[in-house]
Amino acid sequence: MKLLHWFCTISIFLCASFTASAQAIEAVEYERVLYNGASPAQANAALLGRAECLIQLQRYTDALDALDRLRLFALSAEDRVVSNHLKGVSLFRTGNYAGAMVCFNEGFPSGKAAERDAVLILAGDGKYDEALNKAVALDSEKAPQLRKLFAEAPKARNATTAFILSFIPPLGHIYLKEKNWLPTTLMSYAGAALTAWQAVEANYITAIVGGGMLLNASYMEHNLATVQQRTAASDEAAVTEFLTKLEKLLDE
Amino acid sequence: MRFSRIGTAGKQYLKPVPIKPSVWTPEAYDDSLQPRYAADQRGFVNYLLDRGLRDDALVLLAQPDMVPSDTLSYLRGLALFDDLQLEAADRYLSASSLEPALFFDVVTKAHLGLHGEARTILSSYQGNKSELKHLQLAGISLLEADVNGYNAAAAGFTYSDFNLTDSERALDDIARTIAAHPKRSPLAASALSAVLPGAGQLYAGSLGEALSAFLTVGSLAGITVANWHKYGLKSWRTIVSGSICSIFYIGNIYGAYISVDIHNQEFYNETAALVLYNIHIPLRIIYR
């Protein structure tokens with residue numbers, strides 16, 4: 001049994017390597033079509049083929065580059081939806097969910113693969129209801145698991161709320177679900193305590209310079225100044241985690 | 001981006017740019033396949049490289065049906081050079097006896113800091129591109145900040161070959177800048193900052209940092225003196241503020257040393273980037 005498991009694993013690995021290598025050379029040969037001076041229609045066919053290969057190879061930026069070179073004036077309506085799909089997938093994979101959504105709105109081809117990608121793109125853009133409906137329509141057997149997963153979908157955190165909460169450390173950190181809240185919280189309270197104590201003792205210079213420096217380093221820098229940036233990063237991490245779970249569930 | 005000249009930030013800046021590891025391994029030649037000759041692929045490979053499609057060029061050149069040849073080694077070296085896999089590029093370019101491979105190999109070795117080897121290759125060159133040879137020799141002298149060596153090599157410039165004129169004039173400008181650049185000593189900067197906090201940073205040419213160091217150390221010294229005067233020398237207030245002041249004072253001396261070091265390094269990096277660019281660009285014009 002163990003031998004069979006290893007045989008299968010090695011076969012799958014070799015097969016995948018061979019496929020990847022074949023796709024890589026196929027992408028090059030599509031590019032050669034353009035080098036040899038193809039007509040606009042031939043160039044479009046080659047670029048779409050190349051983009052598909054590059055997506056399989058997970059070279060999404062290169063795929064986007066190929067799709068940007070499409071001769072739009074010579075693109076048929078059928079090819080246009082294919083290009084929307086490929087561009088949507090590439091943008092989604094590079095984390096540009098809004099851009100992927102624009103491609104989805106311009107029209108995706110019919111078919112299960114495109115529907116699956118549409119679910120991910122809708123979820124990435126925060127349109128959870130639409131994504132859930134589409135996902136259930138795609139595979140009604142998984143409806144309970146999908147509903148459970150979407151019930152836990154991350155809600156975008158409000159940067160203003162995070163900002164207001166961060167005035168009382170470590171509430172801002174907790175709101176953003178950050179793990180490293182202890183050192184900066186201790187620093188902030190130490191700074192505030194030093195300032196207050198020195199002010200009470202009428203040592204105003206020590207209060208301003210010592211406490212002020214400590215407060216500036218911990219409170220302003222770690223709590224307030226970067227709150228907006230960290231809210232976005234925190235949201236991105238939560239969305240990525242959710243999308244990974246959703247994709248796994250869709251592919252099961 | 002540099003946030004500070006003190007501590008780890010300064011050290012990070014001083015680290016040399018890491019060379020991209022060479023992970024590329026071509027498949028072994030298989031003579032049972034229909035042979036494909038690199039000479040026939042040269043135009044297509046150049047097209048791929050000019051479009052920035054380095055991965056595709058490397059995929060094509062790694063195929064087992066590519067017949068081993070000087071041209072294949074040259075093209076592999078060129079693609080790896082464009083992909084910044086410089087050590088691998090050096091291996092393939094050295095293995096080719098084509099003239100463009102020799103000049104590209106010199107640039108690769110210059111990037112890798114192998115100036116002596118690059119000089120040896122150029123010394124053995126007897127072809128008709130003698131002005132290009134002088135241009136590269138002059139560039140290597142500048143990378144070593146050897147202005148006299150530069151002048152000797154630049155004697156071969158005619159400023160009449162339009163492929164080379166711009167680079168020759170650019171190297172002349174760089175040589176003049178190097179000759180005029182004052183040599184600052186990190187130790188002198190440290191000594192100055194030890195006498196007057198911030199003076200070393202001022203010597204390094206950083207007015208903002210000089211003011212920052214002077215005000216920080218000065219304020220902390222003021223607090224220490226005030227505490228000493230008010231509570232006495234053995235008071236914990238004087239000891240704490242004095243200790244903090246000492247830490248900042250030592251940091252100011254270290255910062256001055258690092259400031260000059262970084263300033264020198266920045267100057268070297270900027271001139272090296274310009275030199276490498278100017279010994280490389282003519283090759284693109286002449287051979288591609």
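Proteins get letters first, then strands, A, B, ... in listed order; numbering begins at 1 in each. Because only heavy atoms are used, hydrogens play no part in the values below, and waters and symmetry mates are left out as well, while side chains stay in.
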Atom pair CD1/CD of Ile55(A) and Gln23(A) - distance to nearest 0.5 Å: 11.0 Å
Per-residue contact mode, Leu53(B) against chain A (heavy atom under 4.5 angstrom): side chain
Toward chain B, the part of Asp65(A) with a non-hydrogen atom under 4.5 Å: side chain
Ring center gap for Tyr92(B) and Tyr74(B) short of 6.0 angstrom: no
Residue selection (most heavy-atom pairs with chain A, distance under 4.5 Å) from Gly43(B), Gly222(B), Ala62(B): Gly43(B)
CE-CG distance between Met101(A) and Asn96(A), expressed to the nearest 0.5 angstrom: 12.5 Å
Part of Tyr47(B) lying under 4.5 Å from any heavy atom of chain A: side chain
CA sep, side-chain torsions, deciding dist, call: Phe81(B), His280(B), ring-ring contact (aromatic ring centres under 6.0 Å, His included): CA-CA 11 Å; Phe81(B) 176 83; His280(B) 171 211; 5.1 Å; yes
